[in-house]
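Notes for the one structure printed next.
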Amino acid sequence: MTVNRMLPAALAALLATGACATPSGTPSGAPAATPAATPAAAQAPASAATPLSISDPWVKTARSGMSAAFATLVNTTGEEVTVVAASTPVSPSVELHEVVGDGGATTMRRKQGGVVIPAGGRHVLQPGGDHIMLMNVRTAIEPGAEVPFTLTLKDGRTVSFTAVAKDFAGANESYAPHE
């Protein structure tokens with residue numbers, strides 16, 4: 001019981017001591033640099049910030065075969081961002097898809113050129129529209145499961161997110177893999 005009461009006090013004292021220590025290379029008694037005075041190289045440049053935020057991500061449940069993931073992609077930069085690929089450990093084959101209509105029928109196909117999100121804008125991935133298609137699902141996606149995804153951008157950067165699995169009957173499109 002005494003150890004449990006002493007541990008928080010000892011940690012607080014240790015942290016306080018560390019907070020008062022002078023930075024390496026600073027003479028004793030010299031003022032420590034303030035955060036505003038730290039070199040620019042030590043601070044992350046604004047361009048290194050995540051260019052996309054992902055809101056409301058979800059993935060369709062599936063025991064095997066095909067599934068799809070949906071979300072809203074929000075461009076947090078002042079420049080156009082293009083998603084060129086996606087991946088997830090639950091499927092060896094993942095494609096960016098679009099749904100196109102012709103005379104009342106709709107067909108899914110690979111989205112040529114990727115998904116473009118305008119500067120400061122958003123792009124909705126949704127059933128019956130653009131989406132992330134998972135083929136040959138190798139791990140069952142059960143309701144409530146959290147499935148990790150990674151998006152690859154045209155400039156080589158990646159953005160990761162987790163989608164929650166939900167039951168969904170689908171928009172009943174056909175799939176044209178070679179279009």
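Under a 4.5 Å side-chain heavy-atom cut-off, the cluster of Ile, Leu, Val, Met, Phe, Trp and Tyr residues that includes Val124 has no other member. Hydrophobic side-chain contacts under 4.5 Å tie Val74 to no other Ile, Leu, Val, Met, Phe, Trp or Tyr residue.
More than 12 heavy-atom neighbours from other residues, nucleotides or ligands sit within 6.0 angstrom of CZ on Arg138.
Val116 places none of its side-chain heavy atoms less than 4.5 Å from the side chain of His123. Within the 4.5 Å cutoff, the side chain of Met108 has no heavy atoms near those of the Glu98 side chain.
The two residues Lys60 and Ile141 make their nearest non-hydrogen contact at O-CG2, 4.0 Å. Looking at every heavy atom in both residues, Val99 comes nearest to Gly128 through CB-O, 3.5 Å.
Evaluation of the ring-ring contact (aromatic ring centres under 6.0 Å, His included) test over residues 52-80, restricted to residues two or more places apart or in two chains, returns Trp58-Phe70, Trp58-Phe168. Pairs passing the side-chain hydrogen bond (donor to acceptor under 3.5 Å, both in side chains) check and including a residue from residues 141-151, sequence neighbours excluded, read Arg63-Glu142, Thr150-Ser160.
Each of Leu125, Asp130, Val81 was evaluated against Leu73; a single residue qualifies, Leu125, per the side-chain contact (heavy atoms from CB on, under 4.5 Å) test. Applying the side-chain contact (heavy atoms from CB on, under 4.5 Å) test between Phe149 and each of Val159, Ile54, Val59, Thr162 identifies Val59 as the sole match.
In terms of modelled atom types and a separation under 3.5 Å, the side chain of His131 and the main chain of Gly129 share a donor-acceptor contact. Between the side chain of Thr72 and the main chain of Asp56, no donor-acceptor pair closer than 3.5 Å is present. When atom types are taken as modelled, the side chain of Asn75 and the backbone of Leu52 share no donor-acceptor pair closer than 3.5 angstrom.
To the nearest 0.5 Å, atoms NE2 (His97) and CG (Leu134) are separated by 10.0 Å. The CG atom of Asp155 sits 4.0 Å away from the CZ atom of Arg157 when rounded to the nearest 0.5 Å.
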Next on the checklist: Is there a side chain to side chain contact (heavy atoms under 4.5 Å, CB included) between Glu95 and Arg110? Walk through the geometry before answering.
Outcome noted: CA-CA 7 Å; Glu95 297 177 357; Arg110 188 177 279 209; 2.4 Å; yes
Name every donor-acceptor pair, under 3.5 Å, that has one atom in a side chain of residues 82-94 and the other anywhere in the protein, sequence neighbours excluded.
residue, atom, partner, partner atom, Å
Thr88, OG1, Pro148, O, 2.7
Ser91, OG, Ser93, N, 3.3
Ser91, OG, Ser93, O, 2.9
Ser91, OG, Met135, N, 3.4
Ser91, OG, Met135, O, 2.5

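Hydrophobic clustering places Ile117 together with Leu96 (ILVMFWY residues linked when any side-chain heavy atoms are closer than 4.5 Å, directly or through intermediates).
Scored by the side chain to side chain contact (heavy atoms under 4.5 Å, CB included) test, Ala62 finds Ser67 as partners (sequence neighbours excluded).
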